[in-house]
Amino acid sequence: MLPYGRQNVTDADVEAVAAALRSDWLTTGPRVGDFERELERVAGAPCVAVINGTAALHTAYAAARIGPGDEVVTTPMTFVATASTAAMLGATVVFADVEEDTANLDPAAAEAAVTPRTRAVTAVDYAGHPAEYDQLRKVADNAGAVLIADAAHAIGSTYHGRPVGTLADLTTFSFFPTKNLTTGEGGAVAATEAGLLERARAFRTVGLVRDPARLRHPDEGGWHQEVPEFGLNYRLPDVLCALGSSQLRRLAAFKARRTTLAERYDALLAGVPGLRLPVRRAWADPMRHLYPVRIEDGRRREVYDRMRAAGIGVQVNYVPAYWHPAFEDLGYARGMCPVAERFYAEQLSLPLFVDLTDSDQDRVVEALRTILES
Ligand SMILES: *Cc1c(COP(=O)(O)O)cnc(C)c1O
């Protein structure tokens with residue numbers, strides 16, 4: 001089965017991991033800081049590496065002190081973790097609808113969803129295409145809320161020439177194997193403000209503080225460290241940071257290949273009946289994580305089944321987050337975000353990854369054409 005996404009791992013990656021395994025540190029050694037500094041060069045803001053993208057979201061909400069009584073406005077067109085991690089901290093998630101074409105959080109819908117309890121607005125750069133950050137910034141500022149970017153799809157993307165990582169107060173990344181670069185499991189939080197960064201770092205490290213200036217009981221002894229606020233162990237090990245640093249060296253090449261493949265799909269699929277292709281705003285230079293097409297005329301399920309039967313691992317991204325039973329059980333009902341639900345009903349992700357060959361891509365196009373023209 002041709003997958004919809006997969007990692008690119010080279011001998012250089014393997015050697016970097018082997019060198020880390022032979023070193024003195026398996027976790028929290030020098031490679032963590034190295035990886036964080038290299039990430040900062042891409043994201044444009046200091047980063048804290050964490051164990052996955054879900055942990056990154058949990059850490060970002062914790063750093064923003066999201067908790068019971070707070071509302072978090074976000075998009076349903078995302079992986080459930082964007083919303084579930086806020087719910088796990090006791091916040092109420094308020095889903096706002098998406099733009100009809102990009103499937104990104106609609107600033108007008110987000111604004112309409114704001115209440116006096118809104119403490120965070122979380123956008124998702126769907127498929128790698130940045131959300132409308134300048135408008136979302138106004139919505140968040142007017143609400144007195146933090147702006148969070150779930151950029152699990154969008155490391156290396158830019159918005160009006162500004163890198164994803166600098167557009168929100170907190171930005172989260174995922175390095176899962178299907179994403180744009182991988183550490184196996186992995187993620188990061190970028191923060192544009194020192195206090196948020198420091199709280200993210202502490203939360204990632206069980207809440208432990210060692211800095212003598214910050215200890216409540218500084219005379220306890222040389223061994224002493226304290227937990228002023230609870231955290232979790234979300235550390236990304238040295239061994240995986242070695243892989244991340246090695247992968248990051250190819251990020252520009254990854255972006256170039258993904259762009260070429262997406263533009264090839266654009267050209268090869270233009271004019272196919274019953275099909276809508278993804279859009280790109282003039283101001284966006286996206287890292288093309290997904291190639292999300294729309295299958296019209298109620299044929300999405302049929303096309304999904306027939307493509308899979310033909311050995312082509314298409315995917316659907318995503319079931320609206322509030323359709324998950326955990327949200328249903330909290331009282332969220334279908335119909336809440338009709339634009340997102342219509343998008344979901346038609347959405348299909350075609351295979352897109354660095355090692356996808358032109359001939360495999362031709363096979364995807366031919367299979368899709370054959371189905372849609374019959
Ligand atoms: C992958 C993903 C996550 C979660 O990342 P993991 O590393 O799998 O935990 C969160 N949000 C979005 C939009 C994602 O695509």
Side-chain angles (χ1 to χ4, degrees), residues 3-7 35 39 43 47-62 72 74-89 93 95-96 98 102-105 120-131 133 136 148-157 164-165 167-168 170-190 200 203-204 232-237 240-241 243-244 247 258 278 286-292 315-324 326-327 340 343-344 347 349 352-353:
Y4 84 98
R6 65 163 282 139
Q7 68 276 17
F35 183 47
L39 278 173
C47 292
V48 174
V50 296
I51 190 61
N52 55 56
T54 303
L57 285 156
H58 197 194
T59 300
Y61 288 126
V72 174
T74 192
T75 164
M77 193 39 59
T78 186
F79 182 62
V80 67
T82 314
S84 61
T85 49
M88 287 190 73
L89 285 164
V93 179
F95 291 100
V98 299
T102 63
N104 281 334
L105 181 61
V121 175
T122 306
V124 173
D125 301 327
Y126 180 81
H129 190 294
Y133 283 101
L136 291 168
I148 299 178
D150 178 349
H153 300 182
I155 190 165
S157 297
V164 164
L167 307 166
L170 290 151
T171 302
T172 65
F173 299 111
S174 165
F175 310 130
F176 189 73
T178 55
K179 302 286 165 62
N180 300 307
L181 75 115
T182 192
T183 57
E185 292 284 350
V189 181
F203 187 78
R204 181 272 308 264
L232 288 162
N233 180 356
Y234 276 168
R235 289 181 287 222
L236 186 63
L240 298 186
C241 288
L243 177 56
Q247 290 258 312
R258 286 177 175 278
M287 171 68 93
R288 308 295 294 257
H289 166 56
L290 299 175
Y291 192 82
Q315 181 62 286
V316 171
N317 305 92
Y318 295 93
V319 170
Y322 56 81
W323 285 23
H324 286 280
F327 279 110
F343 184 89
Y344 159 69
Q347 197 277 338
S349 299
L352 181 62
F353 52 93

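Quick caveat: nothing in here was measured; it's all calculated off a predicted structure. Just the heavy atoms: all of them, side chains too, but no hydrogens, waters or symmetry mates, feed the values below. Every number for a ligand or one of its atoms is a count from 1 in the order of the listing.
Distance check: Ile148 CD1 to Leu136 CG gives 12.5 Å after rounding to the nearest 0.5 Å. From Thr54, atom OG1 reaches atom CD of Glu185 across 8.0 Å, with rounding to the nearest 0.5 Å. With rounding to the nearest 0.5 angstrom, the CG atom of Leu240 is 13.5 Å from the CZ atom of Arg235.
Nearest to atom 15 (O) of ligand 1 among the protein's heavy atoms is His153 NE2, 2.8 Å. Annotation: atom 1 (C) of ligand 1 to nearest protein heavy atom, Lys179 NZ, 1.5 Å. Looking only at protein heavy atoms, the nearest one to atom 11 (N) of ligand 1 is Asp150 OD2, 2.7 Å.
Remark: ligand 1 and Gly53 share an N or O pair separated by less than 3.5 Å (distance only, no angle test).
Residue-ligand proximity, Leu57 to ligand 1, at heavy-atom distances under 4.0 Å covers atoms 10 (C). If you number the atoms of ligand 1 from 1 as listed, the ones under 4.0 Å from a heavy atom of Thr54 come out as 4 (C), 5 (O), 6 (P), 9 (O). Remark: ligand 1 atoms within the under-4.0 Å shell around heavy atoms of Ser174 are 1 (C), 5 (O), 6 (P), 7 (O). Taking a cut-off of under 4.0 Å to the non-hydrogen atoms of Ala152, the atoms of ligand 1 that pass are 2 (C), 11 (N), 12 (C), 13 (C), 14 (C), 15 (O). Proximity to Phe79 (heavy-atom distance under 4.0 Å) selects the following atoms of ligand 1: 2 (C), 3 (C), 4 (C), 10 (C), 11 (N), 12 (C), 14 (C). Near Tyr318, the atoms of ligand 1 lying under 4.0 angstrom from a non-hydrogen atom of the residue are 15 (O).
Aromatic ring orientation, Phe175 versus Phe35: perpendicular (interplanar angle above 60°, classes split at 30° and 60°).
Residues Val50 and Arg204 share a closest heavy-atom pair of CG1-CG, 3.4 Å. Taking each heavy atom of Asp125 and Ala131 in turn, the nearest pair found is OD1-N, 3.0 Å. In plain terms, the two heavy atoms of Leu105 and Ala123 that are nearest each other are CD2-CA, 4.2 Å.
Here Thr78 has side-chain heavy atoms under 4.0 Å from ligand 1, and that is the only part of it that gets that close. Within the 4.0 Å heavy-atom criterion, both parts of Asn52, backbone and side chain, lie near ligand 1.
The shell of residues lying under 4.0 angstrom from ligand 1, judged by heavy atoms, excludes Glu185.
Qualifying ring-ring contact (aromatic ring centres under 6.0 Å, His included) partners for Tyr344, counting only residues two or more places apart in sequence or in other chains: Trp323. Here Tyr126 pairs with Phe343 under the ring-ring contact (aromatic ring centres under 6.0 Å, His included) rule; sequence neighbours left out.
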